[in-house]
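All values below come from the heavy atoms of this structure, side chains included, with hydrogens, waters and symmetry mates left out. Ligands are counted one by one from 1 in listed order, and the atoms in each one are counted from 1 as well.
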Amino acid sequence: MKNYKIAILAGDGIGPEITAEAVKVLKVIEERNDVTFELLPAAFGACAYFESGSAFPHQTKAICDEADAILKGPIGLSHEDSKRIPIDEQPERGALLPLRRRYNTYANFRPVSLPKSLAHFSPLKAEVIGEGIDLVIVRELVGGLYFGEKEMGVNDAGLRYVRETLEYDESQIRQIMQQAFKLASKRRKLLHNIHKSNVLKSSVLWNEVMEEVAKDYPDVQVVNMLVDAAATALCLKPTQFDVMVMENMFGDILSDQGGGILGSLGLMPSACIGPDKAYYEPSHGSAPDIAGKNIANPYSMIGSVAMMLENSFDMEAEAKNVWAAMQGVFADGYSTADLSKPGSGVTMISTVEFGDKVVEKLRQMPKV
Ligand code: IPM
Ligand code: MG
């Protein structure tokens, strides 16, 4: 019997609702396998700030330190409400980036997966989707502009100015490249290296290191693509991609576009992996406008559980079952109001009902 500790950071907005459904799935995994999960809830995000004055409190850090893996819900407030929190304690700067830094979760995997059962959510035409979209964005998560030195002030000419720095050293680039090549060699052996070396020197070094790492993976074909061209290609022909690797900010932007081609960021789970610890989170925000309405689809949160099972607990077969269970619920014609409009031919169910149906399907799957 294995026993794992999982820190549960439900977060803000729709976070607690979709986290509750993910926890139901974890309970079914326990029933079906020789495994127990000790769930350790902890405050994180704007809710934590209002409770304790810190968006990432000491107790939460201690719980995360102790955990084998972390399941994190979305955090943040509406633009207006954010102003109630001092700028450095706002949950993105005060909690999320410090979490990434604390565990050096440099490798962010964001699958953009549109099997046939989900194709009706996509704004793309059937001929563009073809047999389905199945790509993974590998985003460097702890370097670049988001973590570089920042400065704001008034310059000698009396003008307000800002300076942000984009810095990578070769070891940071090498480690994310190794992750991307490793993933590509397990999949279709095709890696798109996304860069902007016609303008940015950071991309020149990025590409140099990529070529060095590529020598260790001779069976992986590399296609180099400028980031702006990649944005277009993702819309026009997403099926050409399998694994895409890129630096932090490019990955932030293109992964949201990934959500766009699926039809919703609600269909985007992710895994954030460091040398000793990994955490799992939806790629989207806390959607304060629909919070508490029981209409948010928990796919991204349950998908994050699937990624946790595979990456942190070596339970690949059960991870596949979780994906299949969710896709099965969509294939049966169900949806939630955040993903579909009334009258679009789907049977509308709530967040809780979606979770219940996933659990029901999972229980019916043959045990591994
Ligand atoms: C994401 C989010 C975060 C990021 C924000 C909330 C800081 O957009 O995970 O993509 O920019 O990385
Ligand atoms: Mg983002």
Side-chain angles (χ1 to χ4, degrees), residues 9-15 18-19 44-49 55-56 64 70-83 85-113 135-148 150 164-166 168 172 176 194 227 230-231 234 244-274 277-289 291 296 299-301 303-304 307-308:
L9 317 181
D12 302 316
I14 58 171
I18 59 176
T19 302
F44 188 76
C47 56
Y49 173 79
F56 190 8
C64 291
I70 301 164
L71 183 65
K72 180 202 144 284
I75 53 160
L77 298 174
S78 67
H79 187 69
E80 268 315 300
D81 283 344
S82 285
K83 294 182 186 154
I85 305 184
I87 199 157
D88 286 327
E89 277 301 326
Q90 287 173 3
E92 294 81 354
R93 261 182 297 266
L96 184 53
L97 296 186
L99 175 71
R100 291 174 181 171
R101 188 190 314 236
R102 185 173 188 86
Y103 301 116
N104 188 18
T105 55
Y106 67 89
N108 180 210
F109 297 90
R110 298 193 157 177
V112 180
S113 167
L135 63 93
V136 181
I137 291 181
V138 181
R139 168 186 177 193
E140 197 293 322
L141 199 60
V142 296
L145 274 175
Y146 291 24
F147 285 86
K150 298 170 200 300
E164 315 215 47
T165 44
L166 196 173
Y168 277 108
Q172 290 174 291
I176 190 69
I194 308 302
V227 62
L234 267 173
M244 305 171 80
V245 64
M246 61 203 80
E247 67 88 49
N248 201 345
M249 188 167 74
F250 295 167
D252 188 20
I253 297 170
L254 285 193
S255 62
D256 265 34
Q257 193 181 339
I261 67 181
L262 299 182
S264 171
L265 275 176
L267 299 172
M268 293 276 294
S270 84
C272 311
I273 313 241
K277 181 104 59 189
Y279 85 91
Y280 300 85
E281 65 175 354
S283 303
H284 56 74
S286 60
D289 53 323
Y299 184 96
S300 59
M301 202 70 200
S304 297
M307 295 184 85
M308 176 186 287

What's the count of protein N, O or S atoms under 2.8 Å from the Mg ion (ligand 2)?
1
About how many Å separate [atom2] of [Y] and [atom1] of [X], when rounded to the nearest 0.5 Å?
{"X": "Ile194", "Y": "Met246", "atom1": "CD1", "atom2": "CE", "result": "5.0 Å"}
{"X": "Ile176", "Y": "Tyr106", "atom1": "CD1", "atom2": "OH", "result": "6.5 Å"}
{"X": "Asp12", "Y": "Tyr49", "atom1": "CG", "atom2": "OH", "result": "13.0 Å"}
{"X": "Glu247", "Y": "Leu166", "atom1": "CD", "atom2": "CG", "result": "5.5 Å"}
{"X": "Ser300", "Y": "His284", "atom1": "OG", "atom2": "NE2", "result": "2.5 Å"}
{"X": "Leu267", "Y": "Ile261", "atom1": "CG", "atom2": "CD1", "result": "11.5 Å"}

In residues 91-100, what donor-acceptor pairs under 3.5 Å come from side-chain atoms, sequence neighbours left out?
residue, atom, partner, partner atom, Å
Arg93, NE, Ile87, O, 3.1
Arg93, NH2, Gln90, OE1, 3.1
Arg100, NE, Tyr279, OH, 2.9
Arg100, NH2, Glu281, OE2, 3.0

Show me, by chain and number, every protein residue that has a heavy-atom distance under 4.0 Å to ligand 1.
Glu92, Leu96, Arg100, Arg110, Arg139, Tyr146, Asp252
For Ser304, what residues pass the side-chain contact (heavy atoms from CB on, under 4.5 Å) criterion, not counting sequence neighbours?
Leu71, Pro269, Tyr280, Pro282
Going by atom types alone, do Tyr146 and Glu164 pair a side-chain donor with an acceptor below 3.5 Å?
no
